[in-house]
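Have a look at the structure below before the remarks.
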Amino acid sequence: QMKAAIVQRDETEQGDRALLNLGHTFCHALEAATGYSDRLLHGEGVAIGCALAFELSARMGLCSQEDPSRVRAHLRDMGMKVDVSDIPGSLPDAPGLRDLMGQDKKVQDGQLRFILARGIGDAFITSDVPRDAVLGVLEDALNRP
């Protein structure tokens, strides 16, 4: 009901509806990397993407350092994948995943749009995300056991 109300209020995804894309910028790159196969279901990709979006937010000083752990614990308690290492098979390196992010439909004027968080329940849209920060989060995710 909540999602339907947001979609109805913002059919063209210019405002609040875009916030429903939390995790999707990372998710779509992971889906492309896995060939849109059953290696990674969309919901699993979104869960991992949400965890990565919170990691990026914390790295940029936007939310507390505890928020990513809380999000991951909640997703794990729901039985979701939360780490890139949860995806079977090989994946591209961090620059390769970042390049796949650039093919996302949310790229505007060559800028990636991210949904990041100032805290749990406080998401916002931004294109002001340093490339190095994204690469760092992806590197760490790929190297996490």
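Excluded from the calculations below are hydrogen atoms, water molecules and symmetry mates; all remaining heavy atoms, backbone and side chain alike, are included.
When every heavy atom of Ala123 is checked against every heavy atom of Ile115, the shortest pair comes out as CB-CG2, 3.9 Å. Shortest non-hydrogen contact noted between Met101 and Ala29 is CG-CB, 3.5 Å. Between Ser57 and Ala117, the closest heavy-atom pair is OG-N, 2.9 Å. In terms of heavy atoms, Pro92 sits closest to Leu100 at CG-CD1, 4.2 Å. What you find for Tyr36 and His28 is that their closest heavy atoms are OH-O, 4.1 Å. Between Arg39 and Ala33, the shortest heavy-atom contact is NH1-O, 4.1 Å.
The backbone N or O of Gly119 sits nowhere less than 3.5 Å from a side-chain atom of Ser64 that would complete a donor-acceptor pair.
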Side chain to side chain contact (heavy atoms under 4.5 Å, CB included) between Leu52 and Val84, worked out: CA-CA 9 Å; Leu52 292 172; Val84 171; 4.2 Å; yes

Practice task
Could you walk me through whether Arg70 and Ile120 pass the side chain to side chain contact (heavy atoms under 4.5 Å, CB included) test, one step at a time?
Solution key: CA-CA 9 Å; Arg70 290 181 59 207; Ile120 294 173; 3.6 Å; yes

Using the rule given for side chain to side chain contact (heavy atoms under 4.5 Å, CB included), can you reason through Thr34 versus Leu91, listing the C-alpha separation, both sets of side-chain angles and the distance that settles it, and then say yes or no?
CA-CA 7 Å; Thr34 58; Leu91 292 169; 3.9 Å; yes

Side chain to side chain contact (heavy atoms under 4.5 Å, CB included), that's the test. Do Asp140 and Arg59 meet it? Break it down for me.
CA-CA 11 Å; Asp140 290 351; Arg59 183 170 295 220; 2.3 Å; yes

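Hydrophobic clustering, with ILVMFWY side chains joined whenever heavy atoms are under 4.5 angstrom apart, keeps Phe114 apart from Leu135. By the criterion of side-chain heavy atoms lying less than 4.5 angstrom apart, applied directly or through intervening Ile, Leu, Val, Met, Phe, Trp or Tyr residues, Val46 is not grouped with Met80; the two fall into different hydrophobic clusters.
The side-chain heavy atoms of Pro95 and Glu139, taken from C-beta on, include a pair separated by under 4.5 Å.
Other residues, nucleotides and ligands place no more than 12 heavy atoms under 6.0 Å from the CG atom of Asp128.
To the nearest 0.5 Å, atom NE2 of residue His24 and atom NE2 of residue His42 are 3.5 Å apart. Of the inter-residue distances, the one linking Phe26 atom CZ with Glu31 atom CD reads 14.0 Å to the nearest 0.5 angstrom. A distance of 11.0 Å separates OG1 of Thr126 from CG of Leu112, quoted to the nearest 0.5 Å. Put simply, CG on Leu97 and CG on Leu142 are 5.5 Å apart, with the number rounded to the nearest 0.5 Å. Considering CG of Asp67 and CZ of Arg118, their distance stands at 13.0 Å, rounded to 0.5 Å. Between the CG atom in Leu30 and the CD1 atom in Ile48 there is a gap of 6.0 Å [rounded to 0.5 Å].
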